[in-house]
Colleague: 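Sharing a structure here in structure tokens format.
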Amino acid sequence: MKKIKTYIKKFKEAAPLILGIIYRNDKKAMFLGIFSNLLQSAFLIFQIIVKTEFFIRLQDYKGGGTWHLILFFALYGIIILIFHVLNGLANFFMNLVFARFNTYMKNEIGVKASKLEPIYFEIPENLNNLNRAKTGVSDLLWFVFSPIVSACIYIPYMIFTSVYFFSKDASFALVIPVVFIPALVSNLLRAKYKFKLAEEEASATRAKDEYKSYIVEKSAKEMRSGGYFNYLNKKYLDNWNKAKKLRHKTNLQIMAIDILLSMLSMAGYGILLYAIITKSMNTVVEVAVIASVLTTLSEVTGLIREFIQNMIEPMADSAGNMSFAIDFFNEKEREEKAKVDHIDSVKISDLSFKYPSADNYSVKGVNLELKRDKLVAIVGENGSGKSTLLKLVLGLFEPTSGDIKYFRNDKEEKNIDILDRSSALFQDYNKYKLTLRENIEISDLYNIKDNKWKDALAHADIELNSNLFPNGGETIMSRDFDGVDLSGGQWQRLALARGIYRDRDLLVLDEPTAAIDPLEETALYNKISDIMKGKLGLLITHRIGSARLADEILVMDKGEIIERGTHDELMTARGMYWEMVGAQAVWYER
């Protein structure tokens, strides 16, 4: 009973989502498919009535009234022909919907993901669930349409067949239950075990797929040149074997259940046939009706087998992943926030943040103020909390405790969309396989201006010449599409140009020169200093050469600010900053 309630609950959640998507994209094919299935059911029912009447007239045939037999025989043939035409139409329309559905759902997943809180993607369990959800979206269609198609064609036919033959003889009503119930129980148990399997193997499957990508995709060259193919391949095989063992165990359980229930079904089937033959010999029931039951029995068996194979089994097989997909679409979405025309300052008070399930705080007790015409640099070793603090300032994460307040004209603004007033360059920037111009303009598509992208290139210290960009701004930035590729440093400059192009109040730079030669970064930062004028500037870096330009430098360690001041003040203090400068001084020696 609990499983049935869970199924009904999931169906109520999934049906509006799936039917809404199909209605918006393919409503004509959906309605034609459902209507064709309804007509199929009607003609299947009509076929039983006509066949039974044909056998009755054949039994009463005395050598006259041949035209009655011919009429019913012809009518029966026409019904079968129409049924097959309707079956072809139903399959055509439903296959059309199914074929297009995956494309629709890929888009829906992207849209949904864009509405989730960024912290969602920081939780490993969520990443496992998302991986299963991507697999399960196509299963959602089976989950929703199986009961719909069943309600249109299979269930009405089965109910009518049971009632119709019950009216002839009560024992004939057992035709449907004897064949159907064991198969239904078998597949309900199959769904239970498949769901349990999906939960258990999610982590192993995600790890397996990740290691496989190292071997055959993104790290293949580095892996082979470094000589650690065998190590990664073993990781892949270990997780593959783990998932395989879980699946093998589940398949054995399912096989045992199938064998047991099939034996029960066959026993019931044999008893039913014995009862029908006995009635025929004792002439308790009209021979014509018994003939109709016997011929219909094979049709019913075939239809139930088709129902199980096409509807119940796919639902059972997809139950696990489907549930992940529903849960993903039910995830709470990011709250919509108000937009403002500008901000003048940001004040951070006693800010702390801890990742879900983490033991320690990544940011703890931070106080900071950002103002116009002021560049604040935050330095520290990797893992000191710099990038997490950046995400908090940008509103990507919600603080565990403390406050971040945004001010406009000295007035605090509540619940604003700070991302709308921010421009950021992250160290894990994307390399878009678009044109050079599109790679820059993509950051502010609603504010495209002629040649503004060229100014952003110049500020990022990229020269627009024919040797590097043979087609100018229309040069495709990928060799995969007959374009060009850039070095790591050039790509980082291009990403910086993208951030510069998006002209906003708050400009945040996260390791903007990590791939750039230290000897070149000073010239680049002199240009960035010009861009920062009139803005609130926040620079995250572990390279001291970049931090020298800041009006204030904060040194972070283990999530806390342990030093703050100008470059000269911190050098005088001879603390961690002073040690970092000494350690990195060799980078800037000629």
Colleague: Kindly indicate, with the supporting measurements, whether the criterion side chain to side chain contact (heavy atoms under 4.5 Å, CB included) is fulfilled by Asp568 and Leu570.
Modeller: CA-CA 5 Å; Asp568 293 337; Leu570 293 176; over 6 Å; no

Colleague: Residues two or more places apart in sequence or in another chain: which of them pass side chain to side chain contact (heavy atoms under 4.5 Å, CB included) with Lys339?
Modeller: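 Testing Lys339 for side chain to side chain contact (heavy atoms under 4.5 Å, CB included), a comparison that skips the adjacent residues, returns Asp417, Asp420.
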
Colleague: In this structure, are over 12 heavy atoms from other groups packed under 6.0 Å from Lys347 atom NZ?
Modeller: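 Atom NZ in Lys347 is not crowded, with 12 or fewer foreign heavy atoms closer than 6.0 Å.
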
Colleague: Applying side chain to side chain contact (heavy atoms under 4.5 Å, CB included), name anything that partners Asn126, two or more places apart in sequence or on another chain.
Modeller: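 Expected list: Tyr120, Ile123, Asn129.
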
Colleague: Tell me which pairs pass ring pair (Phe, Tyr, Trp, His ring centres under 6.0 Å) where either residue lies in residues 361-402, with sequence neighbours left out.
Modeller: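 Checked against ring pair (Phe, Tyr, Trp, His ring centres under 6.0 Å) - neighbours excluded - the pairs reaching residues 361-402 are Phe353-Phe397, Tyr355-Phe397.
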
Colleague: Would you say that Ile561 contacts Val555 through its side chain, given a criterion of any heavy-atom pair below 4.5 Å between the two side chains?
Modeller: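 They are not in contact (no side-chain heavy atoms under 4.5 Å apart), so the answer is no.
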
Colleague: More than 12 non-hydrogen atoms from neighbouring residues, nucleotides or ligands closer than 6.0 Å to NZ on Lys354, yes or no?
Modeller: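 Yes, because the 6.0 Å sphere around NZ of Lys354 holds more than 12 heavy atoms from other groups.
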
Colleague: Looking at residues at least two apart in the chain, or sitting in another chain, which of them share a salt bridge (charged side-chain N to carboxylate O under 4.0 Å, His left out) with Lys112?
Modeller: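 With sequence neighbours excluded, Lys112 shows a salt bridge (charged side-chain N to carboxylate O under 4.0 Å, His left out) to Glu333, given in chain and number order.
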
Colleague: Check Lys533 with Asp373, please: is the shortest side-chain N to carboxylate O separation under 4.0 Å?
Modeller: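 Judged by the 4.0 Å cut-off on N to carboxylate O distance, Asp373 and Lys533 do not form a salt bridge.
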
Colleague: Residues two or more places apart in sequence or in another chain: which of them pass side-chain hydrogen bond (donor to acceptor under 3.5 Å, both in side chains) with Glu335?
Modeller: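 So Glu335 forms a side-chain hydrogen bond (donor to acceptor under 3.5 Å, both in side chains) with Asn415.
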
Colleague: side-chain hydrogen bond (donor to acceptor under 3.5 Å, both in side chains): which pairs involve residues 494-509, sequence neighbours left out?
Modeller: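 Applying side-chain hydrogen bond (donor to acceptor under 3.5 Å, both in side chains) to every pair that reaches into residues 494-509, excluding sequence neighbours, yields Arg372-Asp505, Arg421-Asp505, Asn439-Arg498, Asp444-Arg504, Asp503-Lys535.
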
Colleague: Are the side chains of Ile109 and Phe329 in touch, meaning some heavy atoms are under 4.5 Å apart?
Modeller: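 Counting from C-beta outward, Ile109 and Phe329 do come under 4.5 Å.
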
Colleague: For Ser345 versus Leu536, what's the shortest heavy-atom pair and its separation?
Modeller: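 In terms of heavy atoms, the two residues are closest at CA-CD2, 3.6 Å.
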
Colleague: Check step by step if salt bridge (Lys or Arg N to Asp or Glu O under 4.0 Å) holds for Glu117 and Lys391.
Modeller: CA-CA 12 Å; Glu117 294 286 354; Lys391 293 173 182 177; over 6 Å; no

Colleague: Drop me the distance from Ile540's CD1 to Ile378's CD1, to the nearest 0.5 angstrom.
Modeller: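 Spacing of CD1 (Ile540) from CD1 (Ile378) equals 4.0 Å.
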
Colleague: To the closest 0.5 Å, what do you measure between CG (Leu389) and CG (Leu351)?
Modeller: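 Reported value, rounded in 0.5 Å steps: 6.5 Å.
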
Colleague: Give me the atom names and distance for the closest heavy-atom approach of Ala495 to Leu425.
Modeller: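 Of all heavy-atom pairs spanning Ala495 and Leu425, the closest is CB-CD1, 3.4 Å.
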
Colleague: What's the shortest heavy-atom distance between Ile500 and Ala460, and which atoms?
Modeller: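 So the two residues come closest at CD1-N, 4.2 Å.
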
Colleague: Would you indicate whether the side-chain heavy atoms of Val376 and Leu368 approach each other to under 4.5 Å?
Modeller: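 Yes, their side chains come closer than 4.5 Å.
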
Colleague: Show your reasoning for whether side chain to side chain contact (heavy atoms under 4.5 Å, CB included) applies to Tyr577 and Val379.
Modeller: CA-CA 8 Å; Tyr577 182 83; Val379 301; 4.1 Å; yes

Colleague: Stepwise, does the side chain to side chain contact (heavy atoms under 4.5 Å, CB included) test hold for His342 with Arg408?
Modeller: CA-CA 7 Å; His342 72 278; Arg408 181 179 61 146; 3.3 Å; yes

Colleague: Which residues pass the salt bridge (charged side-chain N to carboxylate O under 4.0 Å, His left out) test with Asp359, sequence neighbours left out?
Modeller: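 Here no residue qualifies.
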
Colleague: Return the CG to CG distance between Leu390 and Leu396, rounded to the nearest 0.5 Å.
Modeller: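 The CG atom of Leu396 is 8.0 Å from CG of Leu390, to the nearest 0.5 Å.
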
Colleague: Tell me, please, which residues at least two apart from Ser422 pass side chain to side chain contact (heavy atoms under 4.5 Å, CB included).
Modeller: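 Ser422 satisfies side chain to side chain contact (heavy atoms under 4.5 Å, CB included) with Leu394, Ile418, Leu506 once adjacent residues are dropped.
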
Colleague: Can you list everything that forms a side chain to side chain contact (heavy atoms under 4.5 Å, CB included) with Glu569? Sequence neighbours excluded, please.
Modeller: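 Side chain to side chain contact (heavy atoms under 4.5 Å, CB included) list for Glu569, sorted by chain: Thr566.
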
Colleague: With rounding to the nearest 0.5 Å, note down the distance linking CZ in Arg334 to OG in Ser114.
Modeller: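 Answer for the CZ-OG pair, Arg334 versus Ser114, is 7.0 Å.
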
Colleague: Measuring from Trp453:CH2 to Ile442:CD1, what's the distance to the nearest 0.5 Å?
Modeller: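 Those atoms lie 15.0 Å apart.
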
Colleague: Is the shortest heavy-atom distance from the side chain of Glu563 to the side chain of Met576 under 4.5 Å?
Modeller: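 Contact flag for Glu563/Met576 side chains = yes.
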
Colleague: Between Glu413 and Ile416, what is the shortest heavy-atom contact and its length?
Modeller: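 The answer is CB-CG2, 3.4 Å.
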
Colleague: Look up atom CD in Glu560 and atom NZ in Lys364, then write down how far apart they are to the nearest 0.5 Å.
Modeller: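 The CD atom of Glu560 sits 5.5 Å away from the NZ atom of Lys364.
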
Colleague: Between Ser352 and Gly365 (side chain of the first, backbone of the second, donor and acceptor by atom type, cut-off under 3.5 Å), is there such a pair?
Modeller: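 Confirmed, Ser352 side chain pairs with Gly365 backbone.
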
Colleague: Kindly indicate, with the supporting measurements, whether the criterion side chain to side chain contact (heavy atoms under 4.5 Å, CB included) is fulfilled by Leu509 and Leu507.
Modeller: CA-CA 7 Å; Leu509 304 176; Leu507 178 57; 4.2 Å; yes

Colleague: Sub-3.5 Å donor-acceptor pair from the side chain of Asn367 to the main-chain atoms of Asp350, do we have one?
Modeller: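 Checking the backbone N and O of Asp350 against the side chain of Asn367, a donor-acceptor pair under 3.5 Å is found.
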
Colleague: Under 3.5 Å, is there a donor-acceptor pair between the side chain of Lys386 and the main chain of Gly380?
Modeller: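 Pair found, side chain donor or acceptor close to backbone of Gly380.
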
Colleague: Does CG in Asp480 sit with more than 12 non-hydrogen atoms of other residues, nucleotides or ligands closer than 6.0 Å?
Modeller: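 It does: Asp480 CG has more than 12 such atoms within range.
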
Colleague: What residues form a salt bridge (charged side-chain N to carboxylate O under 4.0 Å, His left out) with Lys558, not counting sequence neighbours?
Modeller: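 So Lys558 forms no salt bridge (charged side-chain N to carboxylate O under 4.0 Å, His left out) with any residue.
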
Colleague: With the side chain counted from C-beta on, respond yes when Thr572 and Trp578 share a heavy-atom pair under 4.5 Å apart, and no when they do not.
Modeller: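 No, every pair of side-chain atoms sits at 4.5 Å or beyond.
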
Colleague: Between Asn409 and Asp344, what is the shortest heavy-atom contact and its length?
Modeller: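 Residues Asn409 and Asp344, closest heavy atoms: N-OD2, 2.5 Å.
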
Colleague: Test of understanding: with salt bridge (charged side-chain N to carboxylate O under 4.0 Å, His left out), list the residues that count as partners of Glu552, not counting sequence neighbours.
Modeller: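 Lys374, Arg564.
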
Colleague: For the residue pair Tyr429 and Gly488, what are the closest heavy atoms and their distance?
Modeller: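 The answer is OH-O, 3.4 Å.
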
Colleague: Using atom types as modelled and distance alone, determine if a side-chain donor or acceptor of Glu438 lies under 3.5 Å from a backbone N or O of Thr435.
Modeller: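 Between the backbone of Thr435 and the side chain of Glu438 there is a qualifying donor-acceptor contact (under 3.5 Å).
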
Colleague: Do the side chains of Val346 and Lys405 get nearer than 4.5 Å, heavy atoms only?
Modeller: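 No, side chains not in contact.
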
Colleague: Would you indicate whether the side-chain heavy atoms of Val366 and Leu554 approach each other to under 4.5 Å?
Modeller: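 The answer is no, as the side chains (C-beta and beyond) never meet within the 4.5 Å cut-off.
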
Colleague: Got a sec, which residues hit side-chain hydrogen bond (donor to acceptor under 3.5 Å, both in side chains) with Glu331, two or more places apart in sequence or on another chain?
Modeller: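 By the side-chain hydrogen bond (donor to acceptor under 3.5 Å, both in side chains) rule, Glu331 matches no residue at all.
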
Colleague: Between Ser487 and Gln490, do the side chains contain an N or O donor and an N or O acceptor separated by less than 3.5 Å?
Modeller: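 Yes.
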
Colleague: Applying the side-chain hydrogen bond (donor to acceptor under 3.5 Å, both in side chains) criterion to Asp238, which one of Lys242, Lys235, Lys234 satisfies it?
Modeller: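 When side-chain hydrogen bond (donor to acceptor under 3.5 Å, both in side chains) is applied between Asp238 and each of Lys242, Lys235, Lys234, only Lys234 qualifies.
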
Colleague: Hey, is CD on Glu381 packed in by over 12 heavy atoms from elsewhere, all under 6.0 Å?
Modeller: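 Count not over threshold, so no.
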
